[in-house]
Amino acid sequence: GTALGAEFAASGYSFSALGERLFGRDDMSLIEAFGKGLAQGAPGIRAYWGRLIEYLDFVEVGGGNYAVFAGFIEAVDLVDREAAQELLDQCAEHPGLCQVLVGLHRIQSFTERDLDRCVSVLEYPDVNLWSYGSFLWRNQYAYLPTSSICDLAWKILNLPLGDDVVLEALNMKLHQTDENTDVLGADFRKIGMKAAIQRLQRDNNDIGGSTDYALEKVVSASLRFDGNEALKLEWVDTILSVAEQRYGYISGFEKTIQTTIALMSREFLDRVFDASEEQQELRLDFIQNGGIDRSPLAKAKVSDLIQWCSARDDDTV
């Protein structure tokens with residue numbers, strides 16, 4: 001693919017000879033290699049890049065594949081870093097390329113300047129928000145300042161569906177790690193709890209259980225370590241509040257709720273019984289009937305439940 005791209009660039013042929021296949025979704029790796037070849041064989045990098053942009057605008061591809069641009073930029077970046085930066089700046093100003101800006105950067109040479117560029121287009125319409133989640137967990141970005149990544153996470157969280165993006169990214173960060181090790185750290189645990197609260201308040205449906213899986217991992221990691229105590233209680237209150245709104249029933253996030261109650265049994269039960277009569281009735285309905293397959297109390301230690309009941313000194317519990 002690279003050799004073919006170089007030959008095509010040197011030949012002087014018009015891109016119209018390739019049709020819209022240049023931006024098709026088939027053979028993306030081949031198209032990216034072709035883009036590298038275009039840069040290598042181009043008689044002038046900037047002029048040839050301009051022709052490529054003009055052709056993209058001419059064909060008006062909707063939801064196409066921009067791998068040819070990623071390949072072109074990568075080839076330029078290997079020989080002229082500043083020229084590649086100029087091309088990326090142009091991508092940030094292009095209505096189509098700005099949507100996939102993160103994927104157009106070469107990971108191996110990614111810098112804070114590149115991060116700033118990506119963040120600058122974050123709130124543009126139709127930007128691929130999921131691509132930004134990689135900054136939160138991929139080891140290739142671990143050298144970037146933690147404060148900058150935290151700021152980015154908060155920005156993502158404030159965008160539509162941003163809570164799902166943050167939760168999945170933090171879940172990836174936790175993948176195959178020891179639950180007794182504070183992998184997230186205080187800042188990301190706080191962000192994780194905020195994302196969990198926002199996600200449950202927004203919608204408690206979870207077809208397939210994929211969100212519940214990510215949510216349970218993040219909540220578990222956030223509750224196991226000290227700090228963010230007010231947020232932890234807000235999370236418990238959120239579960240009960242949503243259960244009340246749903247008349248004692250939450251349709252999804254079963255594992256997450258069970259894990260939460262297992263880790264915060266006392267706080268959860270205190271809130272069930274220290275409530276108005278109407279609230280208490282709804283909250284008890286949730287304990288008895290709110291689980292899809294198992295009780296919300298299913299993961300709680302029986303010894304913890306007995307200890308709590310004994311401490312209440314109240315026959316009604």
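Using modelled atom types, one finds no donor on one side chain facing an acceptor on the other under 3.5 Å when comparing Asp151 with Ser148. Using modelled atom types, one finds a donor on one side chain and an acceptor on the other under 3.5 Å when comparing Thr259 with Lys299.
You'll find the side chain of Ile191 reaches within 4.5 Å of the side chain of Cys150, heavy atoms only. Two residues are said to be in side-chain contact when any heavy atoms from C-beta on lie closer than 4.5 Å; Thr260 and Phe268 fail this criterion. You'll find the side chain of Asp270 reaches within 4.5 Å of the side chain of Arg312, heavy atoms only. In this structure the side chain of Leu159 never reaches within 4.5 angstrom of the side chain of Val165, judged on heavy atoms. No side-chain heavy atom of Lys301 sits under 4.5 Å from any side-chain heavy atom of Ile306. Side-chain contact between Thr256 and Lys217: absent, with no pair of heavy atoms (C-beta onward) separated by less than 4.5 Å. Using a 4.5 Å cut-off on side-chain heavy atoms (C-beta onward), Leu263 and Lys232 make no contact. In this structure, Leu269 and Leu305 have side chains that are in contact, with non-hydrogen atoms separated by less than 4.5 Å.
A pairwise comparison of heavy atoms in Cys98 and Val127 identifies O-CG2, 4.0 Å as the closest pair. Cys91 and Leu101 get closest at one heavy-atom pair: CB-CD1, 3.8 Å. When all heavy atoms of Ala214 and Glu168 are compared, the pair lying nearest together is CB-OE1, 3.8 Å. What you find for Leu104 and Leu88 is that their closest heavy atoms are O-CD2, 3.8 Å.
Legend: ring pair (Phe, Tyr, Trp, His ring centres under 6.0 Å) pairs involving residues 173-213, not counting sequence neighbours: none detected. The ring pair (Phe, Tyr, Trp, His ring centres under 6.0 Å) analysis of residues 298-317, with sequence neighbours excluded, yields the pairs Phe273-Trp308.
Both Phe253 and Ile287 belong to a single network of hydrophobic side chains, linked directly or stepwise wherever heavy atoms of I, L, V, M, F, W or Y lie under 4.5 Å apart. Cluster membership check: Leu231 shares its hydrophobic cluster with Val236, using side-chain heavy-atom separations under 4.5 Å among Ile, Leu, Val, Met, Phe, Trp and Tyr. Following chains of ILVMFWY side-chain contacts shorter than 4.5 Å, one can reach Leu4 starting from Leu22, so the two form part of one hydrophobic cluster. Under the 4.5 Å side-chain heavy-atom criterion for grouping Ile, Leu, Val, Met, Phe, Trp and Tyr, Ile257 is not connected to Leu282 through any hydrophobic cluster. Cluster membership check: Met28 does not share its hydrophobic cluster with Phe69, using side-chain heavy-atom separations under 4.5 Å among Ile, Leu, Val, Met, Phe, Trp and Tyr.
In this structure, Asp164 pairs ionically with Arg202, as a charged nitrogen and a carboxylate oxygen lie closer than 4.0 Å. Ion pairing between a basic and an acidic side chain is recognised when a charged N comes within 4.0 Å of a carboxylate O; Arg81 and Asp77 show such pairing. Taking a cutoff of 4.0 Å between a charged side-chain nitrogen and a carboxylate oxygen, Glu54 and Arg51 do not qualify as a salt bridge. In summary, Arg189 and Asp182 engage in a salt bridge, as defined by a charged side-chain N under 4.0 Å from a carboxylate O.
Separating the CD atom in Glu216 from the CG atom in Leu174 is a distance of 10.5 Å, to the nearest 0.5 Å. Between the CG atom in Leu87 and the CD1 atom in Ile73 there is a gap of 5.5 Å [rounded to 0.5 Å]. A distance of 7.5 Å separates OH of Tyr55 from CZ of Phe58, quoted to the nearest 0.5 Å. With rounding to the nearest 0.5 angstrom, the CD1 atom of Ile250 is 10.0 Å from the CD atom of Glu244. With rounding to the nearest 0.5 Å, the separation of CD in Glu281 from CG in Leu284 is 8.5 Å.
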Which atom pairs, one a donor and one an acceptor, fall under 3.5 Å between side chains of residues 131-140 and the rest of the protein, sequence neighbours left out?
residue : atom : partner : partner atom : Å
Ser131  : OG   : Asn128  : O            : 2.6
Tyr132  : OH   : Cys118  : O            : 2.6
Ser134  : OG   : Ser131  : O            : 2.8

If you look only at distance, which donor and acceptor atoms sit under 3.5 Å apart when one is on a side chain in residues 29-47 and the other is two or more places apart or in another chain?
residue : atom : partner : partner atom : Å
Arg46   : NE   : Glu86   : OE1          : 3.0
Arg46   : NH2  : Glu86   : OE1          : 3.4
Arg46   : NH2  : Glu86   : OE2          : 3.2

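Asp114 contributes a side-chain N or O that, together with a main-chain N or O of Thr111, makes up a donor-acceptor pair within less than 3.5 Å. The backbone N or O of Ile107 sits nowhere less than 3.5 Å from a side-chain atom of His105 that would complete a donor-acceptor pair.
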Side chain to side chain donor-acceptor pair (under 3.5 Å), that's the test. Do Gln279 and Ser276 meet it? Break it down for me. CA-CA 5 Å; Gln279 285 179 314; Ser276 67; 3.3 Å; yes

Steps toward ring pair (Phe, Tyr, Trp, His ring centres under 6.0 Å) verdict (Phe110, Tyr141): CA-CA 8 Å; Phe110 198 90; Tyr141 299 117; 5.2 Å; yes

Would you sort out whether Arg117 and Gln85 count as a side chain to side chain donor-acceptor pair (under 3.5 Å), showing the intermediate values? CA-CA 10 Å; Arg117 180 186 297 109; Gln85 290 289 297; 2.8 Å; yes

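Note on ring orientation: taking the six-membered ring where Trp is involved, the planes of Tyr66 and Phe23 are tilted (angle from 30° to 60°).
Within 6.0 Å of CD in Glu278 there are 12 or fewer heavy atoms belonging to other residues, nucleotides or ligands.
Judged as a side-chain contact (heavy atoms from CB on, under 4.5 Å), and not counting sequence neighbours, the contacts of Thr181 are Asp178, Val183. Scanning for side-chain contact (heavy atoms from CB on, under 4.5 Å) contacts around Leu78 gives Arg106, with sequence neighbours left out.
Screening Leu167, Leu157, Leu161, Val166 against Arg199 for a side chain to side chain contact (heavy atoms under 4.5 Å, CB included) leaves a single residue, Leu167.
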